[in-house]
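Structure, as C-alpha cells:
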Amino acid sequence: MLHLAAFLLHYLPLAMGHYDICKSWVTTDDGPSWEFYACQPKAMRMKDYVTVRVDPSGITCGDPPERFCTHENPYLCSDECDASNPDLAHPPKLMFDREDEGLATYWQSVTWSRYPEPLLANITLSWNKSIELTDDIVVTFEYGRPTIMMLEKSLDNGRTWHPYQYYADDCMEAFGMTARRGRDLSTTSANRVICTEEYSRWAGSKKEKNVRFEVRDRFAIFAGQDLRNMDNLYTRLESAKGLKDFFTVTDLRMRLLRPALGGTYVQRENLYKYFYAVSNIEVTGRCKCNLHANLCSFKEGSLQCECEHNTTGQDCGKCKKNFRTRSWRAGSYLPLPNGSPNACAAAGSAFGKCNCNQIGSMHDRCNETGYCECREGATGSKCDDCLPNYYWRQGCFPNVCDEELLICQNGGTCYQNQRCICPAGYKGVLCEQSKCDSDNKACNSASSTYLSLTPFLIGALILKLGRLVDF
C-alpha cells in the first residue's frame, strides 16, 4: 500500500487535469454548437507498446552457449546463458516483461571475450509514432551499470539520430565534455545535451542499478521542484523555441560502449565477468496528437490518436476532407487555461467569422487564412492574451521589469512587471539613478549618474522601451 501511495504521489502532478477535454456542447445566440479546446492524451507506460531491436547480430548471449560470472564472484563462473534453453536464455523481450517480485529477468549480451576489441551493443526502442516524454526514462542494469554509454533519439522513425545524453565514469576522457547534472540546468539551457557521471561509477551490483534521463529535473526548471506550477511549464513549452521538440521522440537508442569494470582496470585473465544485462526499461509519455485529441488507442500494431477538431492522421497532423478552408495548425497551450484548439473549419462555418480582439489584433476579423493577425506581444486564437514577458493593459506591453533580465536596482521592487517601486534616494526606470540634488554636499558627480548596469541589461532595456514607444 505504501508503495502504491508513493507511486501515485510521484505521477500526480503530471496526471492532473490539464488539457484533457477536447470539446463541450454549448448554447450561444446562434444556437447550440461545439466549443473546442486544446487537448492531449493522458500519460501512460510506453514500454507496453514498444518494438525492441538489439544489434549487432550475435550480441545477445546464448548462441553458442556461454559461461559467465559476476564481479562479486569473479572466479566462480558457473552461470550459463543458453538460447536453446528457456530457463537459461536472456532474449531482448525480458527487458519489458512483468517480473515477479524478487525475481529479475533480463536481456544479456555476450561476454567481453574479444577484448581489447570494444564490446558494443545497441538497444533500439521504436513506437512508429511520435510520443512526448512526461517522466524520467529509467533503465535498470543487472551486474553493474556501463562505464560508458549514450542515449540517442530520433524524430523521424529512425532515419536520423541525435544525441540525447552522454554517460561516463569520466566525461572528459570519454567524450571531451565537462560533467553536468540535469538539475543544475537553467531556463536557457533546459534542452541542452549534457554528459553526466552520476550513473556510471561503480557502486556494486546489489546497490544502484538505474540509469536515468532526467525529464522531471528539466521540467522542474519551469514548474518548480514539486511540479505544481504546470501552467508555467506549458507556457514555456509553447513559447521557447525547440523545447517541445526536445521532449518528443519516435525512437530511442541506447549505445552501450563499455561494460561495468567492477571499479578496477580490465582483468584480461578473466573476461567472463564483463557483459551487459538490462532487466527493465521504463518510458512514460503520451501520444503526440498536436493538442487535437485526448485519447490514443493501440490499433493494428501501432498507436493512433483519436482525432478531434476536424483533424485526421496518426498524429492529427492534417485537416479532414471538406474542412480545409484554412491551413492546418497544431493546437496551442496558450492562452491559459484552455489553450487554442486551432480547429479545422468547413466553408461557411462559424470559424470563418473567429471575432478578433479589437485591441490585441490588427483587424476585427480573421484574414484570408482564417486567423486573427495579432499585434506584437499578443497571442491566442482571438489575440486576447499576451506572450511571456508581456503584460496586458488594454493591449500587450513588454515587461518593464522581471525576475530574470530586467531587475530593479538598488533594492527596488518590481510591481506587476510594469514598473519598479524605488526606495528613497533613487529614481529611474529600474531605480538605477540617484536622486541626490546638487545642493547636497554628500553627493558628488558620480552619484548623479547612472549606476552600473551591464551592457547586456542596458541593451535589453533600450530594446524593450523602443518597442513600447513604437507600439
Side-chain angles (χ1 to χ4, degrees), residues 11 14-25 34-53 92-93 95-98 123-135 137 153-162 164 215 234 237-238 244-253 281-324 326-333 338-346 351:
Y11 286 100
L14 299 178
M16 295 177 67
H18 259 91
Y19 307 101
D20 54 356
I21 299 176
C22 290
K23 61 185 179 182
S24 64
W25 190 248
W34 287 111
E35 183 173 69
F36 293 132
Y37 316 104
C39 54
Q40 61 187 4
K42 293 181 180 179
M44 55 187 179
R45 290 159 53 104
M46 301 307 301
K47 76 173 188 178
D48 295 337
Y49 311 98
V50 73
T51 299
V52 61
R53 184 179 77 252
K93 67 179 182 180
M95 293 185 281
F96 305 98
D97 65 333
R98 304 283 182 174
I123 301 173
T124 304
L125 313 181
S126 301
W127 285 273
N128 193 32
K129 171 79 180 73
S130 297
I131 65 171
E132 297 171 327
L133 300 176
T134 59
D135 210 324
I137 299 170
K153 62 173 282 189
S154 175
L155 278 167
D156 54 12
N157 298 303
R159 287 187 289 272
T160 60
W161 293 93
H162 308 279
Y164 219 7
V215 172
Y234 286 127
L237 286 172
E238 192 64 49
K244 187 185 295 186
D245 282 345
F246 182 78
F247 297 107
T248 302
V249 305
T250 59
D251 305 75
L252 291 168
R253 181 166 68 186
I281 302 177
E282 287 291 345
V283 180
T284 305
R286 62 168 58 93
C287 292
K288 180 178 181 179
C289 301
N290 288 296
L291 296 180
H292 288 314
N294 64 348
L295 294 175
C296 187
S297 303
F298 193 67
K299 297 179 179 178
E300 299 177 354
S302 63
L303 290 165
Q304 172 71 51
C305 297
E306 302 285 344
C307 299
E308 301 278 2
H309 305 161
N310 305 317
T311 63
T312 187
Q314 191 180 31
D315 297 348
C316 306
K318 58 184 179 181
C319 293
K320 287 182 176 179
K321 187 178 180 180
N322 300 326
F323 289 89
R324 298 173 181 171
R326 62 188 187 192
S327 300
W328 175 90
R329 286 179 66 193
S332 171
Y333 288 120
N338 294 322
S340 302
N342 297 328
C344 296
F351 290 106

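No experiment lies behind these values; they were computed from the predicted model shown. Reckoned from all heavy atoms, side chains included, excluding hydrogens, waters and symmetry mates.
- Note on Arg45 versus Asp135: no salt bridge recorded, every NZ/NE/NH1/NH2 to OD/OE distance being 4.0 Å or above.
- The side-chain heavy atoms of Leu252 and Lys153, taken from C-beta on, include a pair separated by under 4.5 Å.
- The side-chain heavy atoms of Thr134 and Gln40, taken from C-beta on, include no pair separated by under 4.5 Å.
- The salt bridge (Lys or Arg N to Asp or Glu O under 4.0 Å) search around Glu35 returns none, not counting sequence neighbours.
- Judged by the 6.0 Å and 45° rule, Lys47 forms no cation-pi pair with Phe96.
- Ser332 and Ala38 get closest at one heavy-atom pair: O-CB, 3.4 Å.
- Within a 6.0 Å radius of NZ in Lys318, no more than 12 heavy atoms belonging to other residues, nucleotides or ligands are found.
- Contact annotation: the side chain of Gln314 approaches that of Ser302 to within less than 4.5 Å [non-hydrogen atoms, C-beta and beyond].
- Note that the CG atom of Asn294 and the CZ atom of Arg286 stand 11.0 Å from one another [nearest 0.5 Å].
- Side-chain atoms of Asp251 come within 3.5 Å of backbone N or O of Gly158 as a donor-acceptor pair.
- With sequence neighbours excluded, the residues forming a side-chain contact (heavy atoms from CB on, under 4.5 Å) with Lys321 are Arg324, listed by chain and number.
- In terms of heavy atoms, Lys320 sits closest to Thr311 at CE-O, 3.5 Å.
- Tyr49 has its side chain out of reach of Lys129: every pair of non-hydrogen atoms, C-beta onward, lies at least 4.5 Å apart.
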Trace of the side chain to side chain contact (heavy atoms under 4.5 Å, CB included) decision for Ile131 with Lys288:
CA-CA 5 Å; Ile131 65 171; Lys288 180 178 181 179; 5.9 Å; no
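- With 2.5 angstrom as the limit on SG-SG distance, Cys305 and Cys289 come in below it.
- Residue Leu303 holds its CG atom at 8.5 Å from OG of Ser297, rounded to the nearest 0.5 Å.
- Of all heavy-atom pairs spanning Phe36 and Ala343, the tightest one is CD1-CB, 3.6 Å.
- Atom-to-atom distance recorded for Cys319:SG and Arg329:CZ is 11.0 Å, nearest 0.5 angstrom.
- Annotation: side chain of Val50 is in contact with side chain of Trp127 (closest heavy-atom distance under 4.5 Å).
- You'll find the side chain of Ile123 reaches within 4.5 Å of the side chain of Met95, heavy atoms only.
- Note that CD of Gln304 is 12.0 Å distant from CG of Leu295, once rounded to the nearest 0.5 Å.
- Considering CG of Leu155 and CH2 of Trp161, their distance stands at 10.0 Å, rounded to 0.5 Å.
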Could you go through His309 and Cys22, starting from their C-alpha distance and side-chain angles, then the distance that decides it, and tell me whether this counts as side chain to side chain contact (heavy atoms under 4.5 Å, CB included)?
CA-CA 8 Å; His309 305 161; Cys22 290; 4.1 Å; yes
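- Side-chain atoms of Cys316 and Glu308, non-hydrogen and from C-beta on, never get closer than 4.5 Å to each other.
- Atom CZ of Phe246 sits about 9.0 Å away from atom CG of Leu133, to the nearest 0.5 Å.
- The backbone N or O of Thr160 lies less than 3.5 Å from a partner atom in the side chain of Ser154, making a donor-acceptor pair.
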List the steps, then state whether salt bridge (Lys or Arg N to Asp or Glu O under 4.0 Å) holds for Arg98 with Asp48.
CA-CA 10 Å; Arg98 304 283 182 174; Asp48 295 337; 3.6 Å; yes
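- Aromatic ring pairs are classed by plane angle as parallel below 30°, tilted from 30° to 60° and perpendicular above 60°; the pair Tyr234 and Tyr19 is perpendicular.
- A heavy-atom distance below 4.5 Å is found between the side chains of Thr250 and Ser130.
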